[in-house]
Amino acid sequence: MIASTVFILSCLYGLSHQAEWSYDFETLWPGKCTTGQQQSPINIMTRDTVLDVSGTHIQGPLVFRGYSNVKLSAHNNGHTLRWDNVDGNPPPVLMGGPLIGNYTFMQFHLHWLSEHAIDGIKYPLEIHMVHIKTGLTVDEAVTRPDGLAVLGVMAQVVYGEGSSFALDQIMPMIPEILASGKRTDPSSIDLSRLFSPEPQSYFTYHGSLTTPMCQEVVTWIVHDKPLLISDDQYKIFGEVDVGGIDNYRSLQRVNRVVYRSMASCAFSLSPSLLSTLAGLFHCVSTRVTSSIGKGLCYILNFKRKFFGNAVKECSKVAIS
Ligand SMILES: *[C@@H]1O[C@H](CO)[C@@H](O)[C@H](O)[C@H]1NC(C)=O
Ligand SMILES: [Zn+2]
């Protein structure tokens, strides 16, 4: 019955031609995506997180090796823009923090809007840097709870000069890969430019891939201090073909402990960011009562400004 419904929908909407899944039909995603109990992304409420004072879960700082000069080739896979480490180059390695052992960098890709929310607020963009436990094949990694580690870095759009540094080196590649299936030649990129301004300040929890098959094999490390990008840079994402309007998965049930690194307690915001946040709560519609709805609706309105009216309604992204 379910199988035939999927089949009919696939035919109706031509899903079978482009990709076997779509952000417009998340309820039809297979396997763990609908049955799992540790799914991602989630809304991280700071007051519900556990500060790892004794250092039992987070042991020492995150250590980043070899991120400053990485040869990457970019492509549009129909769901996202993805930059893959080119074979033959020594890949960057991540260790420390909540991770046991070493994790080899594989690729980074982008979601606009962000997938995770922090205190009910989504960001315009989230960067995912995907790492695999060193020595494992992908097939092995997706069957082990500790198989993958993904860094999530938020980006905030600011207007005017001085905000284009983070994305500067990847922007020239994007016009080449607006269409699904396109790929660029490799080029060298300083991945550390895409790190959060405070890379030791993060939340961490055990969750899943946010695309099918949604395997629950990911140690998530979600940084709370956003990068800045410029409004000019952000505009181009409205032209990228990702099969639909959006490329982020809905928020999933939390169901578990989210840890917070000690460094995330030193809460400091730049004056410009503070005014952005103040503006955020000022501009929201009064018809939306929960603070979670406020953040999401604000950011949707923000997205309308860039990409036009055809965005998901607030009700569709409300916390389930
Ligand atoms: C991780 O990498 C470091 C540095 O390359 C190495 O010294 C260490 O033995 C590795 N650890 C494991 C568990 O492989
Ligand atoms: Zn992702």
Side-chain angles (χ1 to χ4, degrees), residues 19 21-23 26 29 32-33 36 38-44 59-68 72 74-85 89-118 122-138 140-142 144 146-155 170 191 194 196 202-223 226-227 237 240 242-244 246-252:
W21 58 270
S22 153
Y23 284 105
E26 286 182 33
W29 287 12
K32 274 274 187 277
C33 303
Q38 301 215 311
Q39 291 289 294
S40 297
I42 57 172
N43 174 36
I44 298 169
Q59 300 178 337
L62 280 173
V63 178
F64 303 89
R65 287 222 169 100
Y67 287 77
S68 63
L72 301 166
H75 78 290
N76 179 332
N77 69 2
H79 302 297
T80 186
L81 301 182
R82 193 171 100 186
W83 279 257
D84 291 293
N85 188 60
N89 286 282
V93 176
L94 178 66
M95 63 192 97
L99 304 174
I100 296 168
N102 296 337
Y103 284 78
T104 303
F105 170 86
M106 292 170 67
Q107 46 104 339
F108 79 87
H109 61 266
L110 311 173
H111 298 271
W112 54 94
L113 306 171
S114 71
E115 297 213 292
H116 287 93
I118 298 175
K122 293 252 239 167
Y123 285 86
L125 184 80
E126 181 172 343
I127 302 165
H128 285 163
M129 294 193 192
V130 181
H131 300 71
I132 185 167
K133 198 167 177 68
T134 304
L136 297 186
T137 64
V138 173
E140 288 166 345
V142 296
R144 294 179 46 146
D146 63 345
L148 300 173
V150 184
L151 298 180
V153 182
M154 304 296 176
I170 67 166
L191 277 180
L194 300 177
S196 159
Y202 58 84
F203 302 104
T204 180
Y205 74 97
H206 186 260
S208 75
L209 293 172
T210 63
T211 55
M213 304 293 285
C214 309
Q215 293 95 332
E216 294 174 340
V217 298
V218 179
T219 302
W220 277 99
I221 296 172
V222 179
H223 292 93
L227 284 174
F237 294 107
V240 179
V242 286
D246 298 299
N247 72 347
Y248 60 92
R249 188 187 189 194
S250 300
L251 291 164
Q252 306 294 304

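If you read the sequence from its start, that first residue is 1, and numbering goes on from there. Atoms within each ligand, like the ligands themselves, are counted from 1 in listed order.
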Would you please indicate yes or no on a ring centroid separation below 6.0 angstrom for Y205 and H116?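 They qualify: ring centres under 6.0 Å apart.
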As a quick check of understanding, evaluate side-chain contact (heavy atoms from CB on, under 4.5 Å) for V153 and L194, giving each step before the final call. CA-CA 8 Å; V153 182; L194 300 177; over 6 Å; no
Show, in sequence, the C-alpha distance, side-chain angles and deciding distance for L148 and L209, and conclude whether the side-chain contact (heavy atoms from CB on, under 4.5 Å) test is met. CA-CA 9 Å; L148 300 173; L209 293 172; 3.7 Å; yes
Classify the ring geometry of F64 against Y67: parallel below 30°, tilted from 30° to 60°, perpendicular beyond 60°.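 Geometry flag for Y67 against F64: perpendicular rings.
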If we count only non-hydrogen protein atoms and require a distance under 4.0 Å, does atom 14 (O) of ligand 1 qualify as touching the protein?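 Within 4.0 Å of atom 14 (O) of ligand 1, protein heavy atoms are found.
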Kindly state if atom 7 (O) of ligand 1 has a protein heavy atom within a strict 4.0 Å cut-off, that is, under 4.0 Å?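 It does not; no protein heavy atom is within 4.0 Å.
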Sum up the protein N, O or S atoms located under 2.8 Å from the Zn ion (ligand 2).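 For the Zn ion (ligand 2), the figure is 3.
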Sequence neighbours excluded, which residues qualify as salt bridge (charged side-chain N to carboxylate O under 4.0 Å, His left out) partners of K133?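 Partners of K133 under the salt bridge (charged side-chain N to carboxylate O under 4.0 Å, His left out) test: D146.
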Out of the candidates T210, T211, N247, only one should pair with E115 under the side-chain hydrogen bond (donor to acceptor under 3.5 Å, both in side chains) rule; please name it.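 In the set T210, T211, N247, the residue that makes a side-chain hydrogen bond (donor to acceptor under 3.5 Å, both in side chains) with E115 is T210.
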Give the residue and atom name of whichever protein heavy atom lies nearest to atom 5 (O) of ligand 1, and the separation in Å to one decimal.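 Result for atom 5 (O) of ligand 1: R65 NH1, 4.0 Å.
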Numbering as shown, the atoms of ligand 1 that approach N102 to under 4.0 Å (heavy-atom distance):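 By the 4.0 Å cutoff, the relevant atoms are 1 (C), 2 (O), 3 (C), 8 (C), 10 (C), 11 (N), 12 (C), 14 (O).
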Consider side chain to side chain contact (heavy atoms under 4.5 Å, CB included). Of F237, Y23, Y123, which one does H111 pass it with?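 Among F237, Y23, Y123, the one that satisfies the side chain to side chain contact (heavy atoms under 4.5 Å, CB included) with H111 is Y23.
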Are the side chains of M129 and W83 in touch, meaning some heavy atoms are under 4.5 Å apart?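 M129 vs W83: side chains apart.
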